[in-house]
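Presented below is the structure to which this report refers.
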There are 2 protein chains.
Amino acid sequence: MSNKLDRYDQMILDTLQKQGRITNQELAEAIKLSPSPCLRRVRQMEEEGLIDGYVALLNAKKLGLTLMAFIGISMDKHTPERFEALESTLADYPEVLECHLITGQSADYLLKVIVKDMDAYQQFLLNKLTRIEGVTGVHTSFVMKSPINSTALSVT
Amino acid sequence: MSNKLDRYDQMILDTLQKQGRITNQELAEAIKLSPSPCLRRVRQMEEEGLIDGYVALLNAKKLGLTLMAFIGISMDKHTPERFEALESTLADYPEVLECHLITGQSADYLLKVIVKDMDAYQQFLLNKLTRIEGVTGVHTSFVMKSPINSTALSVT
DNA sequence: ATTTTATAGAAATATTATTCCTTAAAAATT
DNA sequence: AATTTTTAAGGAATAATATTTCTATAAAAT
């Protein structure tokens, strides 16, 4: 763990967050370093877990997934059993991209969900979400547009 | 646009959503196809825009970014000018990972924000968010934990 | 000033991507 | 049903890239 990121590391992370499949040679050129030390730095940050992984981002619309929603969920009891059961059930549903335990609302969880259309949403709600033990309330906010949708964190 | 994804395409997308930097040879092996047609398929889906791009996902905690929040924003007027001004202002703030225009709440926008700590959050709120023209209300939900946090869409 | 440590750069080698060509299978036409 | 057309797979050669190893250099510590 040789913490503290210098300029090179920051530029590497900035670049990889935008172009995850850039070649090491192009990356090295972009940050003005030769390929060997550039690759060494990348590998070390991967080792350290600073870089969690690499993923392809798909176009939801082109896949026919046109409806995104945020769903607030209220629970009857706030016991670990209830929470764990809900979390592991949701983990098996591909519609659920995110599940956050939150403060500050009547809701306990906030979900981000992507489905094909309103019909699929209804199915998800009726057949999956509301059938989970302990779920007492559900509040849906549909997404009309997402002017910002990034995965890039600030490394400075 | 030769739509309709066959099994090979689905497997490619599934794999690339998990391992965005897998080599073409390993990918080909994983889906039981030889490297040439495998690469052809990947390139075509990139061309079609089905694959939006590739990114490295960083570990927020290890970067010192320990606080995630969802923020509901209410606006005074629902005019295009107000919306555009807010959106372009927020686009310049690296703390803001997502911005969604939503239905179903008193809020008009839902933001996903990641900052270093509560102090940084307060700065963001006071110096940035609440200074934007037209913002009348702000409601924050802090994230305690995120048992599910994925970018992978279902391709079946 | 000298040793130690850390990191850059160069070059050789191994691996991978890419292109081009051939072949096979499926679809369409007669 | 046979033939043509289209589509996509597989193989092999080539180009590009990653990876390793070694050397040199610069910074830090003694």
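Note that these values count all heavy atoms, side chains included, but never hydrogens, waters or copies made by symmetry. Residue numbers begin at 1 in each chain, while the letters A, B, ... track the order of the sequences.
- With DNA chain C read from its 5' end, the first of the two nearest nucleotides for A:P37 and A:R21 is the one closest to A:P37.
- When heavy atoms are screened at a 4.0 angstrom cut-off, A:T23 is found touching the sugar-phosphate backbone but no base atom.
- Of the residues near DNA chain D, B:Y8 and A:Q25, the one whose nearest nucleotide (by heavy atom distance) lies more toward the 5' end is B:Y8.
- In this structure, the CG atom of B:L27 is 15 Å from the C1' atom of D:dA9, given to the nearest Å.
- Regarding contacts with the backbone of C:dT18, every side-chain N or O of B:R40 stays at 4.0 angstrom or more from both OP1 and OP2.
- Using a 3.5 Å distance cut-off with no hydrogens or angles, the side chains of A:Q44 and A:E48 do pair a donor with an acceptor.
- A donor atom on one side chain and an acceptor atom on the other are not found under 3.5 Å apart for B:E98 and B:Y109.
- The separation between A:L39 atom CG and C:dT15 atom P is 15 Å, rounded to whole Å.
- For the pair B:E29 CD and C:dA17 C1', the computed distance is 16 Å after rounding to whole Å.
- Going from atom NZ of A:K4 over to atom P of C:dT7 covers 15 Å, rounded to whole Å.
- Ion pairing between A:E87 and B:K145 holds under the 4.0 Å rule for side-chain N and carboxylate O.
- Between the CZ atom of B:R7 and the C1' atom of D:dA9 there is a distance of 17 Å, rounded to whole Å.
- Remark: A:K128 NZ is packed, more than 12 non-hydrogen atoms of other residues, nucleotides or ligands lying under 6.0 Å away.
- Out of C:dT19, D:dT19, C:dA8, the shortest distance to the side chain of B:S36 is found at C:dT19.
- Of the listed nucleotides (C:dG9, C:dA17, D:dT19), C:dG9 has the atom at the smallest distance from the side chain of A:L33.
- A 6.0 Å sphere centred on CD of B:Q123 holds more than 12 heavy atoms belonging to other residues, nucleotides or ligands.
- As rounded to whole Å, 12 Å separates atom C1' of D:dA9 from atom CG of B:D6.
- If you check D:dA18, C:dT18, C:dA8 against the side chain of A:R41, the one that comes closest is C:dA8.
- Distance CD1 (A:I31) to C1' (C:dG9): 13 Å, rounded to an integer number of Å.
- The distance from atom CG of A:N24 to atom C1' of C:dT15 is 14 Å, rounded to the nearest whole Å.
- Between C:dT18, D:dA18, C:dA8, one nucleotide has an atom nearer to the side chain of A:R43 than all others, and that is D:dA18.
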